[in-house]
Amino acid sequence: MATNAQTMNTAVNTRAKMKSLFIYKFAQSTEYPEAYKKGDFIIAVVNDDDLANSLRDAAKAKSINSQKVVVKTYTSAADIERCHVLYIGGKTAGEVEPFSKKARSYNAVIITEAPGMIDRLAAINFVVAGSLIKFEMNNKIFKEQGLVISNTLEKMATKVVN
Amino acid sequence: MKRLLVPILVLLLTIPIGLRAQLDPVSLALRAYQSKDYTKAQELIDIAVEDDKFNSTARTWCFRGYIYKDMYKLDRKSPDGQEQRAIAIQSFKKTMEIDTEAEFKNDCVQSLKFLASTLFNDAATSLDMSDFDVAQAYYDEYKSLTQITNPEMDFTGRDVEFSLYKASRLSILYEKADPTTNLDALGVQIIELYEKVIALDSNNVSANYNLAIHYYNQGVNMIDNMDYELPFEELFAVQERVMELFTKALPYMLKAYELDPTRKATLQGLSGIYFGLNDIEKSEYYQKLLDELESNQ
């Protein structure tokens, strides 16, 4: 009897799927200015193609706040256009800052995933606690971006900067 | 059967007493068997085992075993063939039971060994056809028969082989099942089988690897099926359950790696599990080992 080796499921990028689920929750928990409640819901992604693909998969079936979701990817901060969410993949402030600064000109939720970013560059920063993906948040940046967030988000955050 | 009984009796009555012994139903069955007329041999030997004059002798039962065994060999797959094998087994067992002089013991043991091997093969074939209960029944019968022919037999290797193959076949069903089906019972059965193999042979690479992949895939499937409408609390709860599965997978994959550090699938598995556990440094370490291994080939 020749035993079959089980086939590993490599079709799903688990981290990308988890992060895209969180990003949808962040977006659903955010109250945008009136001008942002019309037209497409734009999620901009920098430096993370797997996440962009996962978000695109979700966008095929799921809207956010009744708006059609459109996922855009960028490699240059100068190219960033008006968006609702900007995810910036990058490990250093030098990588993240140009994109974060550009996004400050829009009412966008700025999301990062690197230590120290929550203090001045991101409204939300993904962290790994134990083995779990969690997040910290910066209320000051949310306010500066003209965004109102639900209390639930704050309760779930591992750290809140005010 | 009656069709033959009358002419046989007439024949016996018309034959001198000295010749009758040579032409008893057992002897006639043997003649028919030697000339490969199995149907006639079967009918004659079945007459003999119904007759108290012949059914107390080991010779009668042993011949019956041979006749039915050879009939089975001609038609292994049909229900008739399966029944013939069962009668052959029963006949050889009966022979050994009444053969106090052990005159036929060696013949019976060899024949039962052959028949046991066919049961083992049928167990494997049944697994291939996903007839799991039938496979288990064949395997149990194989073991029971082998214990007669070889009481000292250590079944560990066979148990490992059978359980591993059964688990891997069940895993294929598990992976191919409709995601809306409740697979909990099947999942438990698969885990129990792999754990059984590991308990018997802790250094079994396939069992360690497959069990790790089973846990890992369960976690991946759980994430893949997570809905975007899940409330925040549920999102965290499901993530915790997924991490539990990845955490369960890890020691088995590490063991598979320890047993065979150059197996590509294991390196890919470790990289994937650590990635799932959000330990990117270790994930990249095993991915690097995999890349090096592939570049050296």
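Reminder, nothing fancy here: chain letters follow the sequence lines and each chain counts from 1. Model, not experiment: these values are computed from the prediction.
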Which pair of heavy atoms, one from [X] and one from [Y], lies closest together, and at what distance?
X: B/D224; Y: A/K17; value: O-NZ, 2.9 Å
X: A/K62; Y: B/Y228; value: CG-CB, 4.0 Å
X: B/Q268; Y: A/M8; value: O-CE, 3.5 Å

Within a radius of less than 6.0 Å around [atom1] of [X], do more than 12 heavy atoms belonging to other residues, nucleotides or ligands occur?
X: B/M153; atom1: CE; answer: yes
X: A/K91; atom1: NZ; answer: yes
X: A/K37; atom1: NZ; answer: yes
X: B/K73; atom1: NZ; answer: yes
X: B/N296; atom1: CG; answer: yes
X: B/E281; atom1: CD; answer: no

Is chain A contacted by the side chain of [X], its backbone, both, or neither, given a heavy-atom distance below 4.5 Å?
X: B/L230; answer: backbone
X: B/Y209; answer: side chain
X: B/D227; answer: both
X: B/Y216; answer: side chain
X: B/F246; answer: side chain
X: B/R158; answer: neither
X: B/Y274; answer: neither
X: B/M243; answer: side chain

- Task: Identify the residues of residues 42-61 of chain A whose heavy atoms come closer than 4.5 Å to a heavy atom of chain B, ordered by number, or report 'none'.
- Result: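 If one takes a 4.5 Å heavy-atom cut-off, the residues of residues 42-61 of chain A near chain B are A/S54, A/A58.
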- Do any of residues 119-135 of chain A have a heavy atom less than 4.5 Å from a heavy atom of chain B, and if so, which, in residue order?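 Interface residues of residues 119-135 of chain A: A/V128, A/S131, A/L132, A/I133, A/K134, A/F135.
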- Message: Given 3.5 Å as the limit, does a donor-acceptor pair link the side chain of B/N217 with the main chain of A/N9, or not?
- Response: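 Yes, B/N217 side chain to A/N9 backbone: donor-acceptor pair under 3.5 Å.
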- Message: Please classify the contact between A/S20 and chain B as side chain, backbone, both or neither, with a heavy-atom cut-off of under 4.5 Å.
- Response: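 Interface part for A/S20: both.
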- Query: Given the options B/E175, B/E240, B/R169, which has more heavy-atom pairs under 4.5 Å with chain A than any of the others?
  - Reply: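 Option with the top pair count is B/E240.
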- Message: Please rank B/S206, B/G269, B/G276 by heavy-atom pairs under 4.5 Å with chain A and give me the top one.
- Response: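 Heavy-atom pair counts peak at B/G269.
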- Task: Determine, using ring centers only, whether B/F236 and A/F22 are less than 6.0 Å apart.
- Result: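 Ring centroids of A/F22 and B/F236 are less than 6.0 Å from each other.
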- Query: Once you round to the nearest 0.5 Å, how far does CD1 of B/I172 lie from OG1 of A/T7?
  - Reply: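 Taking CD1 in B/I172 and OG1 in A/T7, the distance rounds to 7.5 Å.
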- How about B/Y174 and A/Q6: does a side-chain donor come under 3.5 Å of a side-chain acceptor?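 Their side chains do not contain a donor-acceptor pair, so the 3.5 Å distance test is not met.
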- Message: Measuring only between side-chain heavy atoms, which start at C-beta, is B/L235 closer than 4.5 Å to A/M156?
- Response: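 No. Closest side-chain heavy atoms not under 4.5 Å.
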- Task: With the side chain counted from C-beta on, respond yes when B/I280 and A/R15 share a heavy-atom pair under 4.5 Å apart, and no when they do not.
- Result: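 Yes - at least one pair of side-chain heavy atoms lies under 4.5 Å apart.
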